[in-house]
Structures are given as structure tokens and as C-alpha cells.
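Report on the structure given below.
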Amino acid sequence: MFDRLMKMTVYGQFVAGEDQESIRPLIQHNKAFGVGSILDYGLEEDLSHEEAERKEMESCTSEAERDSSGTNKREKQYQVHPAFGDRRDGVICARTYFYANEAKCDNYMENLLQTIEASGGASDGGFAAIKLTALGRPQFLLQFSDVLTRWRRFFHQMAAEQGQSGRAAVDTKLEVTVLQESIAKMGIASRAEIKGWFTPETLGVSGTVDLLDWNSLIDSRTQLSRHLVVPNVQTGQLEPLLSRFTEEEEQQMKRMLQRMDVLAKKARDAGVRLMIDAEQSYFQPAISRLALEMQRRFNVDKPLIFNTFQCYLKDAYDNVTMDMELARREGWCFGAKLVRGAYMAQERARAVEIGYEDPVNPTYEATNAMYHRCLNYVLEELKRNPRAEVMVASHNEDTVSFTLRRMEELGLHPDDGQVSFGQLLGMCDQISFPLGQAGFPVYKYVPYGPVMEVLPYLSRRALENSSIMTRAQRERQLLWQELRRRLRTGNLFHHPA
């Protein structure tokens, strides 16, 4: 009876069905109106707050950190904190996974393989969504994110020394000779060794190094691993970027990468595109870097792997432009989904509590401006590169209108399939279906799974929809008040500047 009641109400609103067969009618119905699907297996463990916190603390702390009596050399942003151990707090629309063991990760991978198969069998050109925190121990993501962030900050410190602070990452280029001298003075390596890092074979003959060149130095860790150090601003000492992994931790890291590889190959064979979801900012540098490595391998002829960029982050523009520039430089196909973001309240509270800079834009207006700035950059690149694609994942009508206007101005046609739109199942149908019927590629994020297994996700989705309906009702009240005011003043057709 409970299952039937749920299917008649909130489950039926936001979830497509329980399995591959039961979701087929909804997918076919949407397809008839020009709306595709991003399948998302909605399994989420129903943990208590205490259980979630315990699992997070255990899975995000390395053996070396436990052995050193709590000493943690990671930057504050990438340290696990018990107050934010339950990553579900303050997060409504995103599913959350907590690491238990490798068997659980294998089980999630099997579910994803079935999701990819279901997507391939239900429609052409569909998507399957994956979260990397479900594929392995999150400790690796935290440590790798810490490495990538420090390495990038080191680059910007060198840029500041050369008078280039404040520039967008894509426009920052360091003079090699000056850079070599700066690194030598720090005592990181001999001048001869440093000269060997920056060769024409690895960096070209421009005489400058940009952030992409700088990041490529991490790729050649066989030569550079013992030199991966940066100066600690507080202590003035040089510190290694790479923490010591135990043999078991190295195996866990490798298994995460292997699971990603299995899923990408399955998607390629099934003709399904993989949408890698964005997650919290302290995981995101590693997630984006791993997504980029998959794109290098699998986005050969067309975009198969799509990374997600959260535009409420202050560094969103740098992230989008640098990935797009790398795709242009290396010749693979750029694929991205642009969203505003799902973790704002949690991110702000965590930054204040732990004591690091808030990674989120200060205002909603700043986030809108960032979204449109990133989108405009990508659209202009799509005009030059017919193999690149972007999904505008937004419920904001102004953003959809902006996209349609820029597409028309740039001559980007819906039939080319380079620009698509995405909304959640059960929400904003007034945007999705008119776009689909007008010939624009549009997709619904389609969760599915047994009632009891998706119930934790559903409870939060119901809260989100309730808040959206409350805001919409308030907007209608304000509009009605304005209409009555204009009727009283006889100024019905006045439009404010």
C-alpha cells in the first residue's frame, strides 16, 4: 500500500520507475515530444546522521594521518571535519554516497553498468549520470584535490612575481627563463634539472609557460615526483605535495580508476554518453581532473564524457576556459554541462567553520553573471569548433532565453546538436517540452529505482519542489499586487526602466 501511495504522489512525480522495463513508457513518451533522458539510478543509503559522519571521517583520513597523532598537512579546505561529515546536510537536489568498502563500490558500478545498458536500450543518444564519490574511497579525491590546488596556486604565485596577478588563467603566461631562476632560488632542484623540465619537446618553443603547460608537469611524475614541493607561506619551508600512500590505499585508488575505465568503455559500446556530476568543491579539482583524463581517451570523434561545471564557484570561468583550451590544443572533443550548483549553503558554512576562503560567488547576481560568462565563452567556441558540445542545465528562463538569443546571433542551429538543454524530471516542463517540440535537443534528468531505495533522495526532492512552489506563489502575489497598483493609478502599460 505504501509503494502504491508513493507511486501516486511524490515518487510518480520525480522518479521514472523501478527498473529498466518500467521506465521505458515514460522515456518513450518524453521522446515523442522531443525530450531525451539522462538516466540516474537513484539508490541512496538511508544512514543516520551519526553513521554518515563516522563513515566520512574514516574514509577521508589516511593511514599516515592516523599514525601521526592527528597531524594533517592538507590545506584546510581539503581536511575532513566532523561538523560536515554528513554531506547531505543543506543539500536538497543531489544524491550523496558514503564509502563503506570496495565491495559497495563494485556494487554501485554494476548498477551503473545496468543504467548505461538501460539508456542505450531505451533511446538513441541518451546519457547516464555518475558520481565519482560512489566509485572509490574519497580520501584519494581529497588528497589529489589538495595537490592540484597547491600546484595551481604555486603557478599563480610565480605569475604574481612576474607582474601578472589578477589575469584570467587562460591569459596568464610565464617567462620560462624567469620561472627557472625563481624555482632554482627556492632550492627545489638544481638549475640543470629545472632546465630539463621545460624543453621544446614538452612545452614548445614559445619561451613561455601557461597553466596547461604547468599542469602537464604533474603528468610526468616519473621525473618530477621528488620535486613536487611548494613553499608553505606560514612556515617558509618547502613541503611535499604528494602524501605517502599505503599499499592498500594505492590499490583503492587504482580500483577507482579501473571502475571509471569499465564504465566509459561500456558507454562507448552502448552509444551512451556519460555525465560526470559535480560534487563539493573540496572533491571537485580531483573529479574534474579525472573527468579530463577520461575525455582525453574517449572523446576522440565526438564527446562521450561530459564534465560538469558549477558556476556558483569563483573559479568556474578559469576551469571552463582552461579545459576548453586543452581540448583545442590536444584535438579531443570538449563536452560540458553548465549548472549553477547544488551545495551553496553547505559550502559557505563549511568555509566559515573551518576557516578558508568561501569558494562561492558572493551573490546570486554574481553567479548569474558567471554562468552567462562561461556559457558565452563556450558558445563562441562551438561556433569555431563543430565537434564541441555543451548542455545548458538550468531551470532559469532568463538563461534559456540568453542561450537561444546567442545561438541565433552566432548561427548555431538546433539540428547540429551542439547545444542542448537539461532540466530535472517533474520540474520546469514549461521549459523542457516547448524546447523539445521546437526542435532543440533537451533532456530530463530521470532518476529510477525501487521505492525504498530512492526514498532518501525523494524526501529532499519533495522539500526542494515545495520551496520552488512557495517562491512561485510569492512571485504571483507580487505580480498581482503590482497589477492592482497600476490599475489604481491608470498606468497599466508603464514598464519600469
Examine distances only and state if a side-chain atom of N396 and a backbone atom of D398 form a donor-acceptor pair shorter than 3.5 Å. yes
Please tell me whether R273 and Y443 have a donor and an acceptor in their side chains that are separated by less than 3.5 angstrom. yes
Measure from the side-chain N and O atoms of D318 to the backbone N and O of A169, and report whether any donor-acceptor pair falls under 3.5 Å. yes
More than 12 non-hydrogen atoms from neighbouring residues, nucleotides or ligands closer than 6.0 Å to CD on E409, yes or no? yes
Testing the 3.5 Å rule here: is there a donor-acceptor pair between the side chains of T321 and Y377? no
Quick one about E347 and S281 (side-chain donor to acceptor, distance below 3.5 Å, no hydrogens or angles considered), yes or no? yes
Side-chain (S37) to main-chain (L39) donor-acceptor, under 3.5 angstrom: no
Testing the 3.5 Å rule here: is there a donor-acceptor pair between the side chains of T399 and R340? yes
For the pair F127 and F306, name the ring-plane relationship: parallel under 30°, tilted 30 to 60°, perpendicular over 60°. perpendicular
Just say parallel, tilted or perpendicular for the rings of F140 and F144, cut-offs at 30° and 60°. parallel
In plain terms, say whether D301 and R268 are close enough for a salt bridge, that is, a side-chain N and a carboxylate O under 4.0 Å apart. no
Judged by modelled atom types alone, do D277 and Y445 share a side-chain donor-acceptor pair under 3.5 Å? yes
Main-chain N/O of R87 paired to Q346 side chain as donor or acceptor, under 3.5 Å: yes
